[in-house]
Student: 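Supplied in C-alpha cells, the structure appears directly below.
Per chain, numbering begins at 1; letters A, B, ... match sequence-line order.
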2 protein chains.
Amino acid sequence: MNRIIYKMNIAPLLKYMSHYITLTQEEENILVSKVLYKKYLKGQYIVQQGDVCKYSGFVVSGCTKTFYVDEEGQEHIVMFSVEDWWASDMGSFVTQTPADFNVQCIENTELIIFSHDTIEELYSEIPKLERFFRQIVEKGLAASQKRIVRSFSLSAKEQYVHFRNQYPKMEQRIPQYMIASYLGITKEFLSKIKSQLILEQ
Amino acid sequence: MNRIIYKMNIAPLLKYMSHYITLTQEEENILVSKVLYKKYLKGQYIVQQGDVCKYSGFVVSGCTKTFYVDEEGQEHIVMFSVEDWWASDMGSFVTQTPADFNVQCIENTELIIFSHDTIEELYSEIPKLERFFRQIVEKGLAASQKRIVRSFSLSAKEQYVHFRNQYPKMEQRIPQYMIASYLGITKEFLSKIKSQLILEQ
DNA sequence: AATAAATATTAAACTAGTTTAACATCATTT
DNA sequence: AAATGATGTTAAACTAGTTTAATATTTATT
C-alpha cells in the first residue's frame, strides 16, 4: 500500500501557540508526533452536520466555510476560516456531540489536525495544552457573543460595512453570495446594499 | 466596621460541579475558602458593560438578565440566568477584556462568586478546575452557536415557540417585554405572535 | 379602596429585507 | 472562439417585523 507523506508545515501553528503558551523543544516534538497534516481540495468536507466532529483543524493555507443547512434546505454560513484560524465545529469537537455545522473547503486547504482521540493524551503529556484550548474556546465564545450582538443591533448594511472593515482581504477571495449568506441576507439584497454604498460616496 | 457574614449555600454548586469533575473533601474546602457568597437585590448590577468582568457568579437562587445597550440606547437581552446557571460576561471574565454586556438582577439573587484574582490560585491548587471551566466555556460556546443558528433560520414565531418549550418555567417569572428583547423583536410584535398562536389552536 | 407605576394589547401606517424572474458578466472547458 | 456554468445585477411585487399612539390590564404603594 502506498502512503503519501506530506511535508508538514508546522511553523504557523507553533507561532500561533506562542501567543498563548510556551512549549519546550521536547513538548513541540510530542505535539508534532500527535497531530496529522492533511491537504483538502476545494469542495471537500472536513466536518459534516450530524456527525460527531472528531477532528479540529488549524488552517495553514486555504479557506473554509462553516455552515448550517436548515429544514428548508437553505444554507447559512456562520464563519469563514483562513490562515491561522480553526476549521472545526468547536462546539461539537469539545463536547463530542453531533455537529450543528458543515465545514467545507472553498479553496484547496492545508490543515494541521487535532484528533479528539489523541487530544486527551496530549493534555496529559502537555498539560499546558489544556490551558491553550481553554483560551481558544474562550476567544471563540467571546467572538460568538459579539456576533450575536451585531446581528441584534446592526442593520444589514452596517453589518456588511463592519465585515468589510474587519476582514478586508476576505472579500477578495470569497464570492459575494457566500458573504450574503454569512450576513444572513439574500445575495440580491447585498447587491442592492453595495450599489447604495457606491452612490453614497 | 461591621461585616455581614451570609450563610453560604454551597450545595447547588457542588452538585453542579459533580457532573463534570469529582472533588476530594480537601479540594471542596479549598474551593469554599476562595469563593464569595453575595446577595443582590432586584435591580442591582453584577457586571457593567465596559468594565472588565472581575467576577463570575453561579446562581444559587434568583434570576438575572444579561444585556447589551446599543448606540441608540436600545437594550438587547442575550441571556437569562436562573438557578444553576452562570451570571457573568464569560467572554470578558475569561479574557479580562472590557465587558460587552451588563448583568442585572431581575429578582433578588444569591450568587457564589469566583473572582478572577483568585481563580489562578484555584487552578494551581485544584488543577481539575481548569478542566471544569474549560467545559463550562465549551458548553457556553455550543449554546451561543446554536443561538446564532436559530436566529438565522427561524422566524420570530418559531423562535418564541422554541423558547417557550425549552424554558417553560422562565416565562412565568420574566416579563414579556424582556422576552421580546431576548428574541430580538418588539414587545408589540410578540403580543401579536401570542394572539396568533392562541387563534391557531 | 384609590392612585400610581409597570406591563400588555390592538391597530394603522411604514420600512427593511425577501421573492421571483429576467438579464448581465466572468471564468473555465472544449 | 464558442459554449457552459458559476456569479452578480436590477426591478417589481410582496411580507415579516417596526413605529407610533392610544388604550387596557396587572401589580405595587399609600
Side-chain angles (χ1 to χ4, degrees), chain A residues 41-44 63 65 67 69-77 80 104-108 148 150-164 170-201, chain B residues 41-44 63 65 67 69-77 80 104-108 148 150-164 170-201:
Chain A
L41 296 175
K42 181 173 171 172
Q44 289 188 308
C63 184
K65 63 173 177 179
F67 66 102
V69 180
D70 70 21
E71 286 129 20
E72 278 106 56
Q74 273 245 280
E75 187 176 312
H76 304 276
I77 296 176
F80 299 107
Q104 187 184 16
C105 300
I106 58 178
E107 297 175 4
N108 295 343
I148 291 175
R150 281 198 303 276
S151 73
F152 261 67
S153 54
L154 300 185
S155 70
K157 192 194 259 183
E158 290 167 324
Q159 282 191 69
Y160 169 62
V161 169
H162 172 89
F163 173 81
R164 227 175 38 172
M170 280 208 194
E171 236 196 331
Q172 269 105 67
R173 56 202 280 196
I174 297 169
Q176 200 165 300
Y177 71 94
M178 289 191 192
I179 294 174
S181 170
Y182 174 82
L183 298 173
I185 59 177
T186 58
K187 58 195 198 317
E188 291 83 359
F189 191 51
L190 177 54
S191 199
K192 200 169 171 181
I193 285 171
K194 286 184 80 170
S195 65
Q196 278 175 17
L197 286 171
I198 288 165
L199 288 176
E200 278 171 20
Q201 305 160 3
Chain B
L41 296 176
K42 180 173 171 172
Q44 287 188 308
C63 183
K65 64 174 177 178
F67 66 102
V69 180
D70 70 19
E71 285 128 21
E72 278 106 57
Q74 273 247 281
E75 187 176 311
H76 304 275
I77 296 176
F80 299 108
Q104 188 183 18
C105 298
I106 60 179
E107 297 175 4
N108 295 344
I148 291 176
R150 283 199 302 277
S151 74
F152 262 67
S153 54
L154 300 184
S155 69
K157 192 194 261 183
E158 290 168 324
Q159 282 191 69
Y160 170 62
V161 170
H162 171 90
F163 173 81
R164 228 176 37 171
M170 278 208 195
E171 236 198 329
Q172 269 106 67
R173 58 203 279 196
I174 296 169
Q176 199 165 301
Y177 71 94
M178 288 191 193
I179 294 173
S181 170
Y182 174 81
L183 298 172
I185 60 178
T186 58
K187 59 196 199 315
E188 290 84 0
F189 191 52
L190 178 54
S191 200
K192 202 170 171 181
I193 286 172
K194 285 185 81 170
S195 65
Q196 279 174 18
L197 286 171
I198 288 163
L199 288 176
E200 277 170 23
Q201 306 159 3

Student: Go through C/dT7, D/dT7, D/dT18 for me and flag the one nearest to the B/I185 side chain.
Tutor: D/dT18
Student: Given atom CG of B/L199 and atom C1' of C/dT9, what is their separation to the nearest angstrom?
Tutor: 13 Å
Student: Identify the heavy atoms of A/A180 and A/L190 that sit nearest to each other, and give their distance.
Tutor: N-CD2, 3.6 Å
Student: Round to a whole Å and report the spacing from CD1 of A/I174 to C1' of D/dG8.
Tutor: 16 Å
Student: OP1 or OP2 of C/dT18 sitting under 4.0 Å from any side-chain N/O of A/T186?
Tutor: yes
Student: Just the rounded figure in Å: distance from P of C/dT7 to CD1 of B/I106.
Tutor: 10 Å
Student: Tabulated below should be each protein N or O lying under 3.5 Å from an N or O of nucleotides 9-14 of chain D; please produce it.
Tutor:
unit_1 : atom_1 : unit_2 : atom_2 : d
D/dT9  : OP2    : A/Q176 : NE2    : 2.5
D/dT9  : OP2    : A/S191 : OG     : 2.9
D/dT9  : O5'    : A/S191 : OG     : 3.2

Student: Grab the two heavy atoms, one from B/A156 and one from B/F189, that are nearest each other, plus how far apart they are.
Tutor: CB-CE2, 3.8 Å
Student: Rounded to the nearest angstrom, tell me the gap between atom CD1 in B/I193 and atom P in C/dA8.
Tutor: 15 Å
Student: Indicate whether any N or O donor in one side chain lies under 3.5 Å from an N or O acceptor in the other, for B/Q159 and B/Y182.
Tutor: no
Student: For the residue pair A/S153 and B/H76, what are the closest heavy atoms and their distance?
Tutor: CB-NE2, 3.7 Å
Student: Which pair of heavy atoms, one from B/Y160 and one from B/L183, lies closest together, and at what distance?
Tutor: CB-CD1, 3.7 Å
Student: Quiz question: by atom type and distance under 3.5 Å, do the side chains of B/Y177 and B/E75 form a donor-acceptor pair?
Tutor: no
